[in-house]
Structure formats: structure tokens, C-alpha cells
2 protein chains.
Amino acid sequence: MPYSQVAQIREAAQRIASRCPQMRVEESILCRIAMLLGRDLVSRLNELIAPAGLAELEYRLLLILFSHGGSASPGELCGLLTQSPANLTRISNLLTARGLVTRAPHPEDRRRLVVSITPAGEKLVRDLMPCLTAGLGALFDDFTAEDRQRFLDYLLRLMRALDEVPRSTHAEQV
Amino acid sequence: MPYSQVAQIREAAQRIASRCPQMRVEESILCRIAMLLGRDLVSRLNELIAPAGLAELEYRLLLILFSHGGSASPGELCGLLTQSPANLTRISNLLTARGLVTRAPHPEDRRRLVVSITPAGEKLVRDLMPCLTAGLGALFDDFTAEDRQRFLDYLLRLMRALDEVPRSTHAEQV
DNA sequence: TTCTGATATTTCACAGATGAAATATTCAGC
DNA sequence: GCTGAATATTTCATCTGTGAAATATCAGAA
């Protein structure tokens, strides 16, 4: 019932704005709904892969290996998944225990490891693909090619803004 | 550095698609970036309120009370914050300990409580408002009114789709 | 070579969040 | 009124995620 939250968000924003006139109502609503949508999309992904016994990060780790020549070091995976090294250790332990990835020492740098997807892991990724295409891709069924392009443009503008704005905020504090 | 992830997402999607032709590349990219944006927006919110010693849910609980006549029961707050009752107990403990909210028995139903924002809590919400307006509202500075309207429309379409699609997926499994 | 500093991974202690059991209260039907 | 089902909140066990310390290795300067 994600959509049912939208009315509440709008109403709350209006009530807050009536007491804090400086608030930017439309932007606040957009921001809050974008947060909510992100959370709900991740939840949907989790629901779709739960039958396979995977959680989001476990699946994405497999997917990265799958799209990455089959292996990567934990450090690289930290960057690609934006997760802490500690959490990456935990996740690869889980996947290793299930036989979906293996860990081996890096041939040239003994500090590092090489995490590799196994045939079973690759099969799992391939098996889940139709389910995800159906379950997530279908959300965009009423988007035209132009809609997709515009929506992507908005998302990217906000991502860039997130890169830019913090500096200006910091600058004010100096 | 949120935006730097975008190139990786695009490349990974292309490589996956080359091995799984049924994949819907554009939709996958949109979906992944929308998840990422949601996460990054929440992170930004957390950074902005961290100086006040608050985390996202603590702030949003205060904001809901602020926009809601000053008080609500834990059960209502669970719904509005989409959080478990257990977590709501934890959060109100924290806020109560800091004197930002109070908890009192409900006058008519002794199972319930009434969580109320204190003057200190209200002051904190008001004090944070300019900072949030600047830090989050500014992300939309290059959006025209028409952009905001279109973007909202896309977000709402996806929220509605999240309500619709799961039923169809379930239906297939039956 | 050897020392120093940087890098990679794991371990540990702890914060954040959840589901399920426990507790207390209300409400409906008899 | 009583009994049993439903509701509201807290407690408890557990899972997920993080920062910081510990460990091991590498790379460069003297």
C-alpha cells in the first residue's frame, strides 16, 4: 500500500508550511516521496528474491560478480555496493557458506582476496532474472520511451545536485 | 559522490543485458538509480540533522507530532512512520529521555499512550527547518514548476504501480 | 635491507530494526 | 457480568550494518 502514504505526506506538508512559511512545499513533498519510493523499490526487490533465500545486498553482490567477469576483490565490492568492509565480510561469509561464491587468495597481492561466483551462483542469478524483469520492469509499463528519458534526466539532475550542494552548505559553515 | 555510481550502473546493466537478452535495460537502470537516489536523500537528511543529535526517524517522529496537533498514539505513529511497534518504543524512549516528547496514558483507552511533543521538541523542529529547506530544497533549484510537476507525476505513477503489480505477480503463482 | 606508512581484510562491540512472545486492556456476544 | 477475541504496547532474541581496533601485507625512502 505504498501509494496510500502519498496523501498523508501532502497533508502533513501543507500543515507544516502553514506554520513555517519559509518551507518549500513542493520540493519537500518531492523529496519525501522520492525517499519513500526508493525504500519501497528496495522492499519490492527483497520480496522478489526472498523465495531464493537472498537479501538485496547478497543478490547485488552476485549480480556484480556476474557482470564483472565473475570475480572481484572485497575492496572493489565495498565500493560497488557502498558497504563497509565489515559488512562485506559478513555477506561473503553467507554466500560462501551457501556455495554461491568462493574466496581465494589473490595471486599477486597476499593482502587481498578474490571473490568468485560459482556455477550455482550464476545459475541463481540467471534463474532470478525473469522474475525481476517481470516484477520491477513491469512498474514502468505505462512509461513511454520519452517518459523514461525524462524521468532518468530528473533522477540524474538530483544525483548531481547531491554532489554539488553539500559543498555549498559546508562553505557557509566556514 | 553519489553521481559517480551512475556510470557503473549503466555499464553493469549493459554487460548483464548482453548475457540476458530478456532484460529490460532502461527500466533496470531507472529502478536502480531510483533506489540509490532514495538512499542518498535519506543520507543527506541524516547529515543535515546529525548536528542536532537526531536520526531520520527521530526527526520525522517529531515532525509528525508537530504537524499533527502535537500528539499521537504509538500505534498511529507506527503507521505514519512505517515502523514496527518495537522500533517505535525504542525511538520514543530516546526522545523522551532528551525531553523532546512526553508519554502519558490515553485518557479514554488505558491500552494506549499519548506521545506529545514538548516545547523543546517544537523549538528543535522549527530551528532545523531553515537548514533542511536549504539543504534539501536546494537540490531542486534547477527544476522549473513544470519539471516538479512532471517529476511528481512519474514518482506517483511508480508508487501506484507498486500497489498494482504485486497482485498480478501473486496471481501468477496461484 | 630495513623502517615507515599505506592498504586489505577480519574481528569486535555496539547501534538500528524486526518478528514473535508476553502483558495489559478493551470490546462483543452471550 | 463473563468469557473469548481483538487491540496496544513492551520485552526479548535475533539479524543487519557500522566504526574502530587488530592483523597481515605491500611499497617506497633512507
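Just so it is clear: chains get the letters A, B, ... in the order the sequence lines come, proteins before strands, and each one is counted from 1.
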What is the separation between atom CG on N46(B) and atom P on dA15(C), rounded to the nearest whole Å? 17 Å
In this structure, would I117(A) and L113(A) fall into the same cluster of hydrophobic residues linked by side-chain contacts under 4.5 Å? no
Using whole Å, report how far CD of E56(A) lies from P of dT18(C). 15 Å
With a 4.0 Å heavy-atom cut-off, tell me which residues in residues 86-108 of chain A come close to DNA chain C, sorted by residue number. A86(A), T89(A), R103(A)
Once side chain to side chain donor-acceptor pair (under 3.5 Å) is applied, what residue pairs with a partner in residues 59-71 of chain A remain, sequence neighbours excluded? E56(A)-R60(A)
Can you tell me how far C1' of dT7(C) sits from CZ of R110(A), to the nearest Å? 15 Å
Could R19(B) and E122(A) be called an ion pair, given the rule that one side-chain N must be under 4.0 Å from one carboxylate O? yes
Which is it for D109(A) and R112(A) under the salt bridge (charged side-chain N to carboxylate O under 4.0 Å, His left out) test, yes or no, and what are the steps along the way? CA-CA 6 Å; D109(A) 184 342; R112(A) 279 196 257 175; 3.5 Å; yes
Would you mind listing every side chain to side chain donor-acceptor pair (under 3.5 Å) that reaches into residues 134-151 of chain A, with sequence neighbours excluded? D141(A)-R24(B), T144(A)-D147(A), E146(A)-R150(A), D147(A)-Y154(B), D147(A)-R157(B), R148(A)-E26(B)
Which value, rounded to the nearest 0.5 Å, describes the distance between L45(A) atom CG and L54(A) atom CG? 9.5 Å
Which is the 5'-most and which the 3'-most nucleotide of DNA chain D that has an atom under 4.0 Å from a heavy atom of chain A? dT16(D) to dC26(D)
Do L139(A) and L41(A) come within less than 4.5 Å of each other through their side chains, counting heavy atoms only? yes
Is there a continuous path of hydrophobic side-chain contacts, each under 4.5 Å between heavy atoms, that joins L152(A) to I16(B)? yes
Can N93(A) and R90(A) be counted as having a side-chain donor-acceptor contact under 3.5 angstrom? no
With a 4.5 Å cut-off on side-chain heavy-atom distances among I, L, V, M, F, W and Y, is there a chain of contacts connecting V114(B) to L88(B)? no
Contact residues, residues 65-84 of chain A to DNA chain C [heavy atom, < 4.0 Å]: S73(A), P74(A), G75(A)
If you group Ile, Leu, Val, Met, Phe, Trp and Tyr by side-chain heavy-atom gaps below 4.5 Å, do L94(B) and L128(B) land in one group? no
Using 0.5 Å steps for rounding, measure from the CG atom of L61(B) to the CG atom of L65(B). 5.0 Å
Of the residues in residues 31-41 of chain A, which ones touch DNA chain C at a heavy-atom distance under 4.0 Å? none
Mutual orientation of the aromatic rings belonging to F151(A) and F140(A) [parallel < 30°, tilted 30-60°, perpendicular > 60°]: tilted
